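Predicted model only: the values in this text are computed from it and were never measured.
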Amino acid sequence: MESKYIFVTGGVTSSLGKGIIAASMAKLLQCRGLRVTIQKFDPYINVDPGTLNPYEHGECYVTEDGAETDLDLGHYERFLNVFTSQANNVTTGRIYKTVIEKEREGAYLGKTVQIVPHITDEIKNRMRLLGKTGQYDVIITEIGGTVGDIESLPYVEAVRQLQWELPESDCMVVHLTLIPYLSAAGELKTKPTQHSVRALQQNGVHPDVIVCRSERPVPDDMRRKIAMFCNVRPEAVVISPDAKSIYQVPILMHQQGLDSIIAVHFKIPLPPANLTQWNNYLQRLFNPKHEVDIALVGKYVELQDAYKSILESFIHAGAANSCKVHVHTVHSEHITADNVAQQLKDMDGVLVAPGFGSRGLEGKIEAIRYARENNVPFFGICLGMQMAVIEYARNVVGWADANSAEVTADTKHAVIDMMEEQKRITLKGGTMRLGAYPCKLKDGSLAQHIYGKTEITERHRHRYELNNNFAADLEKAGLVISGTNPVSNLAEIVELPTHPFFIGVQFHPELKSTPENPQPIFVKFVAKSLENRKKR
């Protein structure tokens with residue numbers, strides 16, 4: 001069958017959850033036997049989010065093939081349990097870059113290059129690219145921003161053209177909007193939804209389904225009112241209430257028949273949705289038998305989206321352990337040798353988060369020392385692993401000046417140094433060590449016990465590494481390098497066999513965790529933290 005296309009737009013305000021709605025629709029269609037993928041089109045002019053500060057855009061998600069992408073791709077992978085790729089995230093920057101390069105090559109034969117048709121043609125080409133592979137029955141495209149944004153207009157225009165060019169049964173538009181509750185008036189208001197849909201229609205795009213986000217129950221007469229004013233069928237007005245978990249949203253959408261509406265529109269007979277595995281996961285998630293307190297030590301702790309994949313991985317690992325994981329964010333800049341015991345004394349485990357730059361590093365080192373000396377389960381990711389190496393070099397090996405070359409370039413003991421191939425690079429965007437690389441695990445190590453394998457692949461995003469010039473001395477002092485890249489011999493995993501659970505990884509294991517396949521290190525870390533809680 002020819003690929004079908006669903007476009008997800010949003011109105012009124014950002015952060016309504018277009019990514020979750022797109023992922024929920026994809027999950028439902030997948031559970032009804034269709035091959036589905038999701039892509040995100042972002043209206044900013046950056047080529048990718050790799051150079052954006054987490055305060056600007058949250059976490060930068062890295063795909064298996066090394067693309068730095070929007071964090072929504074993490075939701076797509078977690079819901080579908082299928083890898084995405086560079087083709088699944090497109091930005092205005094990448095669109096314009098391609099068009100300008102074509103113009104310089106003379107591809108337009110002297111034509112005046114314009115938004116319409118040249119930019120919109122390139123957008124449409126990218127929107128249909130995955131459909132041409134023959135791998136997918138349905139391509140869901142989330143359009144970033146909100147209708148009415150200047151930046152989003154070329155994307156909305158491209159959707160308008162595709163809605164006109166494709167057969168009606170091959171193209172569908174789902175518009176997400178808001179029904180706010182005004183406490184002063186004591187009622188829900190539909191006007192923002194009406195105006196949002198009107199703005200979409202003024203651009204020539206007609207929604208087939210309207211999904212309304214609301215914190216309160218929406219009565220049936222209000223749904224009929226929205227349907228009448230927005231020119232859709234009443235059953236095509238779907239309510240998205242606040243849920244206990246984002247993973248409950250597919251069930252809420254299924255209960256309102258969203259997947260059936262899509263099947264009818266596309267004129268494809270589908271078997272009933274098989275949601276048994278998903279419901280089993282929710283059962284474990286909502287009915288934990290235990291609880292555990294884990295400190296997440298980082299410098300972006302006031303911004304939840306900066307560590308989105310880590311937080312989701314704890315949810316998956318918690319469910320696998322029938323355990324509610326309470327994650328307590330601790331700002332590394334506020335940790336000192338004098339207060340670290342007070343800040344972490346009630347924690348069952350300590351995770352030191354990834355990051356870049358020198359801010360908050362000494363606090364991370366103090367947190368690691370506390371965990372090591374007090375036998376508290378410790379897990380370090382990327383920069384967290386590097387700080388574990390520095391802490392060990394300073395406080396066990398005795399190199400007081402041990403540091404990272406990122407912080408102190410002229411230190412005698414640069415136990416963390418820039419990778420050789422990175423030293424010749426001056427451009428910042430898309431130039432780090434990115435994507436999946438193999439890692440060979442040492443026989444009998446904690447890492448091998450966790451994974452149950454001798455070789456794994458995990459995703460990376462870094463420029464600095466453990467300096468192999470100091471590896472022998474570190475290992476002689478008791479720090480085991482239990483995972484290495486089989487080609488470059490780069491250290492990927494360090495651990496302490498004398499500690500109940502102490503592991504640092506150079507890669508980002510959180511990027512591959514899903515509800516149906518929780519990441520093994522997170523699962524074991526939560527289990528060990530739970531053991532520690534019971535001992536305490």
Side-chain angles (χ1 to χ4, degrees), residues 1-9 17-40 72-73 75-84 88 127-143 159 162-163 165-176 206-212 223 227 232-241 243 246-283 514-517:
M1 115 179 152
E2 288 287 320
S3 292
K4 311 286 187 179
Y5 297 88
I6 300 175
F7 299 97
V8 182
T9 59
K18 290 195 301 296
I20 301 301
I21 293 298
S24 297
M25 288 192 296
K27 187 65 191 176
L28 291 175
L29 295 175
Q30 184 188 60
C31 288
R32 296 186 72 161
L34 294 177
R35 299 170 301 162
V36 190
T37 191
I38 321 174
Q39 54 190 355
K40 174 76 179 286
D72 273 324
L73 267 72
H75 290 312
Y76 305 162
E77 289 199 3
R78 287 187 280 271
F79 275 67
L80 289 177
N81 206 33
V82 173
F83 291 157
T84 54
N88 292 76
M127 285 176 168
R128 301 189 66 180
L129 200 59
L130 289 169
K132 293 174 183 176
T133 64
Q135 297 178 30
Y136 305 106
D137 301 313
V138 179
I139 318 292
I140 299 177
T141 303
E142 178 192 346
I143 308 296
V159 172
L162 285 175
Q163 209 174 20
E165 293 169 7
L166 293 169
E168 187 178 347
S169 60
D170 285 357
C171 180
M172 185 177 200
V173 175
V174 176
H175 188 59
L176 178 64
H206 303 282
D208 300 291
V209 174
I210 299 171
V211 178
C212 302
R223 290 174 64 164
V232 298
R233 297 187 310 278
E235 62 269 23
V237 177
V238 176
I239 307 303
S240 177
I246 59 172
Y247 301 112
Q248 191 184 13
V249 176
I251 305 300
L252 298 174
M253 296 299 100
H254 177 64
Q255 288 169 354
Q256 296 180 72
L258 180 55
D259 46 327
S260 296
I261 293 169
I262 295 169
V264 169
H265 181 89
F266 285 153
K267 298 179 181 176
I268 44 177
L270 293 176
N274 181 2
L275 292 162
T276 303
Q277 192 172 356
W278 200 255
N279 279 318
N280 288 341
Y281 167 73
L282 291 177
Q283 188 69 19
T514 72
E516 292 165 290
N517 284 301

Side chain to side chain donor-acceptor pair (under 3.5 Å) partners for K267, two or more places apart
none
With K18, which residues qualify under salt bridge (charged side-chain N to carboxylate O under 4.0 Å, His left out), at least two apart?
none
Could you work out, with side chain to side chain donor-acceptor pair (under 3.5 Å) as the rule, every residue matching N279, not counting sequence neighbours?
none
Applying side chain to side chain contact (heavy atoms under 4.5 Å, CB included) to Q283 and not counting sequence neighbours gives N287
Output yes when a side-chain donor or acceptor of D208 lies under 3.5 Å from a complementary backbone atom of V173, and no otherwise.
yes
Apply side chain to side chain contact (heavy atoms under 4.5 Å, CB included) to N274 and list each qualifying residue two or more places apart in sequence or on a separate chain.
T276
Check K40, Q39, E142 against Y76 for a side-chain hydrogen bond (donor to acceptor under 3.5 Å, both in side chains) and give me the one that passes.
E142
Using a 6.0 Å cut-off, check whether atom CD of E168 has over 12 heavy atoms from anything other than its own residue.
no
Mind checking side chain to side chain donor-acceptor pair (under 3.5 Å) for Y247 and listing every partner two or more places apart, or none if nothing turns up?
E312, H316
Counting N and O atoms only, with roles assigned by atom type, does the side chain of Q163 sit under 3.5 Å from a partner on the main chain of H206, one being a donor and the other an acceptor?
yes
Polar side-chain atom of Q30 near backbone of L80 as donor-acceptor pair, under 3.5 Å
yes
Taking E516 for the side chain and N81 for the main chain, is one N or O donor matched with an acceptor at less than 3.5 Å?
no
Counting C-beta onward and ignoring hydrogens, is there a side-chain heavy-atom pair between V8 and I140 closer than 4.5 Å?
yes
Only counting residues at least two apart or in another chain, list the ones meeting side chain to side chain contact (heavy atoms under 4.5 Å, CB included) with S260.
R32
For R35, the salt bridge (charged side-chain N to carboxylate O under 4.0 Å, His left out) test, sequence neighbours excluded, returns D137
Answer yes or no: is there a donor N or O on one side and an acceptor on the other, between the side chain of S3 and the main chain of Y136, under 3.5 Å?
yes
Counterpart residues, side chain to side chain contact (heavy atoms under 4.5 Å, CB included), relative to E235 (two or more places apart)
R233
R223 meets the side chain to side chain donor-acceptor pair (under 3.5 Å) criterion, sequence neighbours left out, with none
Holding to salt bridge (charged side-chain N to carboxylate O under 4.0 Å, His left out), I want the full list of residues that pass it with E2, two or more places apart in sequence or in another chain.
none
How would you list, by chain and number, every residue that makes a ring-ring contact (aromatic ring centres under 6.0 Å, His included) with F7, sequence neighbours excluded?
none
